[in-house]
Number of protein chains: 2
Amino acid sequence: MLIFIEPESEKPIYQQIRDQIVEGIARGELLPGTGLPSIRQLAADFGINLHTVNKAYELLEREGFLQVRRKTGAVVQPRGRLAEDWEARLRTLLAEALAQGLPAEEILMRCQRVLATLTEREQPDR
Amino acid sequence: MLIFIEPESEKPIYQQIRDQIVEGIARGELLPGTGLPSIRQLAADFGINLHTVNKAYELLEREGFLQVRRKTGAVVQPRGRLAEDWEARLRTLLAEALAQGLPAEEILMRCQRVLATLTEREQPDR
DNA sequence: CTTTTTGTTATAGCTATTATATAACAAATG
DNA sequence: CATTTGTTATATAATAGCTATAACAAAAAG
């Protein structure tokens with residue numbers, strides 16, 4: 001799985017890494033048990049500091065996506081719990097679209113379409 | 001429309017104000033043309049600084065939700081454009097739920113339910 | 001056991017963000 | 001004209017994001 005960093009983005013680098021790994025898990029490219037590159041390895045690849053990658057891994061561990069161990073590196077977790085504020089964030093995002101005049105049906109179709117792009121040609125665990 | 005501020009929240013105060021006004025517009029409680037309290041008035045009500053409210057209004061104006069005029073105060077805009085990164089933010093949010101094991105159908109139902117709570121008993125403009 | 005790699009922890013410095021506090025200016029209302 | 005309002009300008013303080021070193025401890029490899 002490839003990760004792209006945009007240093008000029010307004011989104012913090014550690015957040016970019018976090019989001020792309022989450023999406024990788026969602027797409028099924030990163031299955032439970034999959035090992036991720038070491039902190040120093042990733043930092044070297046991107047030409048960024050060790051602590052920036054560490055912060056991303058730390059966050060992913062707190063959120064239940066990864067388990068970080070010594071020497072083994074980060075390993076994708078079988079499952080976790082949805083963040084408590086997830087629905088609140090969804091609410092704010094959907095409200096934004098409604099407030100700009102998008103019909104609820106149109107918004108729902110967009111959700112459906114995005115979900116489809118995330119779940120297509122992916123092997124669900126059996 | 002009532003606005004609640006949580007000073008201890010990790011979400012910035014100006015962002016809390018922004019989000020709640022957006023939701024007010026989405027729910028139809030704030031119709032186009034509706035006047036909002038003045039910057040100084042809101043700041044006094046919340047016991048916060050003038051500039052914090054100003055930042056929220058400034059953001060809402062940039063996003064096309066409000067038009068801010070002298071003396072008249074802020075007025076809800078008829079319509080705007082959806083932010084370019086809206087779909088990207090939706091994607092990240094939905095990926096988070098998928099990665100935690102929620103089935104796509106369940107996620108879509110949650111979207112539908114949230115949309116329903118935002119659009120219920122609201123007078124669409126005619 | 002020794003060496004290497006790795007996660008962890010601890011500082012430190014720098015920039016940007018968030019929030020506050022005053023102050024002053026300009027435009028619109030009454 | 002006087003008041004209210006948005007706007008602009010500084011200044012200060014706390015926090016967040018990122019970088020830079022350095023050192024320590026645990027696990028794997030030789």
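These figures come from a predicted structure and were not determined experimentally.
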Problem - Heavy-atom check, side chain of B/R18 versus side chain of B/F65, under 4.5 Å - result: yes

Exercise for the section: Using a cut-off of strictly less than 4.0 Å, decide whether A/T52 has a side-chain nitrogen or oxygen near OP1 or OP2 of D/dT19. Expected result: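 True: A/T52 side-chain N/O within range (under 4.0 Å) of D/dT19 OP1/OP2.
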
Problem - Phosphate-side-chain proximity, B/K55 and C/dT18, N/O vs OP1/OP2 below 4.0 Å - result: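 Checking B/K55 against C/dT18: at least one side-chain N or O falls below 4.0 Å of OP1 or OP2.
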
For [X] and [N], give me the distance from atom [atom1] to atom [atom2], rounded to whole Å.
X: A/E8; N: D/dC18; atom1: CD; atom2: P; answer: 12 Å
X: A/L59; N: D/dG17; atom1: CG; atom2: P; answer: 10 Å
X: B/R18; N: C/dT18; atom1: CZ; atom2: P; answer: 13 Å
X: A/E10; N: C/dT17; atom1: CD; atom2: P; answer: 10 Å
X: B/I39; N: D/dT3; atom1: CD1; atom2: P; answer: 21 Å
X: B/I17; N: C/dA19; atom1: CD1; atom2: C1'; answer: 11 Å
X: B/N54; N: C/dT20; atom1: CG; atom2: P; answer: 13 Å
X: A/L36; N: C/dT6; atom1: CG; atom2: P; answer: 14 Å

Handout entry: Nearest-nucleotide comparison on DNA chain D, the residue closer to the 5′ end among A/P12 and A/H51
Key =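 Closer to the 5' end of DNA chain D: A/P12.
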
Handout entry: Main-chain N/O of B/R81 paired to A/Q100 side chain as donor or acceptor, under 3.5 Å
Key =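 Side chain of A/Q100 to backbone of B/R81: a pair is present.
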
Exercise for the section: Answer yes or no: is there a donor N or O on one side and an acceptor on the other, between the side chain of A/E61 and the main chain of A/V68, under 3.5 Å? Expected result: yes

Handout entry: Donor-acceptor pair (no angle test) under 3.5 Å: A/R69 side chain, C/dG7 base
Key = no

Fill in the blank from the handout: Closest to the 5' end of DNA chain C, once B/Q15 and A/Y57 are matched to their nearest nucleotides, is A/Y57

Practice task
Assign B/Y14 to base, sugar-phosphate, or nothing according to its heavy-atom contacts below 4.0 angstrom with the strands shown.
Solution key: sugar-phosphate

Problem - Check ion pair B/E6-B/K11 (N to O, under 4.0 angstrom) - result: no

Practice task
Output yes when B/D19 and A/R91 qualify as a salt bridge under the 4.0 Å nitrogen-oxygen rule, no when they do not.
Solution key: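 No, no charged N to carboxylate O under 4.0 Å.
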
Return the nearest nucleotide to the side chain of [X]; candidates are [options].
X: B/N49; options: C/dA21, C/dT8, C/dA26; answer: C/dA21
X: B/I13; options: C/dA24, C/dA19, C/dT8; answer: C/dA19
X: A/L50; options: C/dT18, C/dT20, C/dT8; answer: C/dT8

